[in-house]
Amino acid sequence: MTQETALGAALKNAVQTMSKKKQTEMIAEYIYGKYEVFSRCKPLAVGIEKDLVEALPQFDAALINRVLSNHCRRPKYIKAIARGGKRFNLNNRFQGEVSAEEQAHALAQPGIKEAIEKQDARRAEARQARENQQQKSAE
């Protein structure tokens with residue numbers, strides 16, 4: 001455990017004078033700006049909440065967990081879990097896999113399966129358009 005500095009303590013006190021809503025918004029903004037796994041909605045490693053609380057001692061652990069819960073309810077994140085694959089830690093490094101049960105649970109959420117199908121169709125159209133453009137350029 002690291003020793004808290006005077007500046008760190010002052011920052012923590014200043015943050016805690018704000019409303020819980022403001023603090024939650026500040027934490028979310030900070031996390032999305034600092035960690036690519038959040039901004040790109042990649043599947044998060046199991047136990048990442050402990051890493052976040054440790055990495056952000058200036059914020060209340062309960063509010064960090066609230067931000068994390070809000071993130072994990074986002075449709076974009078649920079789609080990432082439904083697609084399966086690797087999970088990532090705060091440093092954007094591989095740390096585990098999405099289990100079949102987790103994937104099935106995500107796919108069971110309302111509208112997720114349809115959203116994935118629409119996204120796949122858009123990606124296929126875009127890929128086809130790029131290929132057509134490349135063929136025209138080659139001629």
Side-chain angles (χ1 to χ4, degrees):
M1 194 168 184
T2 61
Q3 189 172 358
E4 190 173 34
T5 64
L7 182 60
L11 177 61
K12 189 172 186 173
N13 286 337
V15 167
Q16 290 177 349
T17 62
M18 303 167 89
S19 72
K20 298 291 184 195
K21 183 177 184 201
K22 275 285 189 206
Q23 288 181 59
T24 302
E25 290 169 358
M26 178 188 285
I27 294 166
E29 184 178 329
Y30 182 81
I31 287 173
Y32 282 97
K34 181 168 179 147
Y35 301 110
E36 184 181 355
V37 292
F38 282 91
S39 61
R40 297 194 60 211
C41 281
K42 292 183 173 185
L44 300 171
V46 175
I48 202 163
E49 66 277 359
K50 293 174 193 157
D51 297 337
L52 272 174
V53 169
E54 197 173 288
L56 306 171
Q58 68 271 32
F59 298 116
D60 180 14
L63 296 178
I64 292 171
N65 285 325
R66 182 183 298 172
V67 171
L68 184 58
S69 294
N70 291 343
H71 174 76
C72 291
R73 284 193 296 268
R74 294 179 67 192
K76 189 173 181 179
Y77 182 77
I78 295 170
K79 283 193 297 187
I81 296 295
R83 289 185 181 279
K86 298 177 179 180
R87 289 181 170 276
F88 299 88
N89 64 18
L90 292 178
N91 297 320
N92 204 24
R93 302 278 187 262
F94 166 69
Q95 190 174 329
E97 297 271 341
V98 175
S99 72
E101 294 84 21
E102 292 164 336
Q103 198 172 359
H105 179 73
L107 282 168
Q109 301 302 310
I112 295 299
K113 205 178 277 188
E114 296 81 7
I116 289 173
E117 289 168 359
K118 283 181 184 177
Q119 188 177 39
D120 288 345
R122 284 192 305 270
R123 287 179 178 172
E125 285 177 19
R127 191 178 317 112
Q128 186 62 45
R130 279 193 307 273
E131 289 172 6
N132 291 343
Q133 187 66 24
Q134 289 173 349
Q135 285 177 350
K136 288 180 183 179
S137 297
E139 295 174 356

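Every heavy atom of this structure was used, including side-chain atoms; hydrogens, water molecules and symmetry mates were not.
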**Study point:** Modelled atom types, side-chain donor and acceptor of E36 and N92, under 3.5 Å
**Key:** yes
Exercise for review: Look up atom NZ in K20 and atom CD1 in I27, then write down how far apart they are to the nearest 0.5 Å.
Suggested key: 9.0 Å
Check your understanding: Are any non-hydrogen side-chain atoms of H71 and L44 less than 4.5 angstrom apart?
Key -> yes
Review point. So, for K76 and S39, which heavy atoms are closest and what is the spacing to 0.1 Å?
Key: NZ-O, 4.5 Å
Practice item. Tell me, please, which residues at least two apart from Y35 pass ring pair (Phe, Tyr, Trp, His ring centres under 6.0 Å). Key: none
Practice item. Look only at the side chain of Q95 and the backbone of A45, and say whether a donor-acceptor pair between them is shorter than 3.5 Å. Key: no
Check your understanding: Out of curiosity, does L107 fall in the hydrophobic cluster containing Y77 (side-chain heavy atoms, cut-off under 4.5 Å, transitive links)?
Key -> no
Point to revise | Close side-chain approach of K86 to P43, heavy-atom, < 4.5 Å | key: no
**Study point:** Min side-chain heavy-atom separation K34-L90 under 4.5 Å
**Key:** no
Review point. In terms of hydrophobic clustering (I, L, V, M, F, W, Y; side-chain heavy atoms under 4.5 Å; direct or indirect links), are I78 and F88 co-clustered?
Key: no
Point to revise | side chain to side chain contact (heavy atoms under 4.5 Å, CB included) assessment of E125 paired with Q128 | key: CA-CA 5 Å; E125 285 177 19; Q128 186 62 45; 5.7 Å; no
Practice item. Keeping to residues at least two apart or across chains, list the salt bridge (Lys or Arg N to Asp or Glu O under 4.0 Å) pairs with something in residues 88-102. Key: R87-E102
Review point. Considering all heavy atoms of both residues, which atom of I64 and which atom of V53 are nearest to each other, and what is their separation?
Key: CD1-CA, 3.9 Å
**Study point:** Minimum side-chain heavy-atom gap V67-F38 below 4.5 Å
**Key:** no
**Study point:** Inter-residue atom distance N70.CG - E25.CD, 0.5 Å rounding
**Key:** 10.5 Å
Check your understanding: Is there side-chain contact between F94 and N89, with at least one heavy-atom pair below 4.5 Å?
Key -> no
**Study point:** CG-OG distance between L63 and S69, expressed to the nearest 0.5 angstrom
**Key:** 11.0 Å
Under 3.5 Å donor-acceptor pairs involving side-chain atoms of residues 111-123, not counting sequence neighbours:
| from | atom 1 | to | atom 2 | distance (Å) |
| --- | --- | --- | --- | --- |
| Q119 | OE1 | R83 | NH2 | 2.9 |
| D120 | OD1 | R83 | NH1 | 3.1 |
| D120 | OD1 | R83 | NH2 | 2.8 |

Review point. Would you say L68 and I31 make side-chain contact, with heavy atoms under 4.5 Å?
Key: no
Study note, to complete from the structure: Heavy-atom closest pair (C41 atom, A80 atom, distance to 0.1 Å) is O-CB, 3.2 Å
Check your understanding: Less than 4.5 Å apart, any side-chain heavy atom of N91 and any of V37?
Key -> no
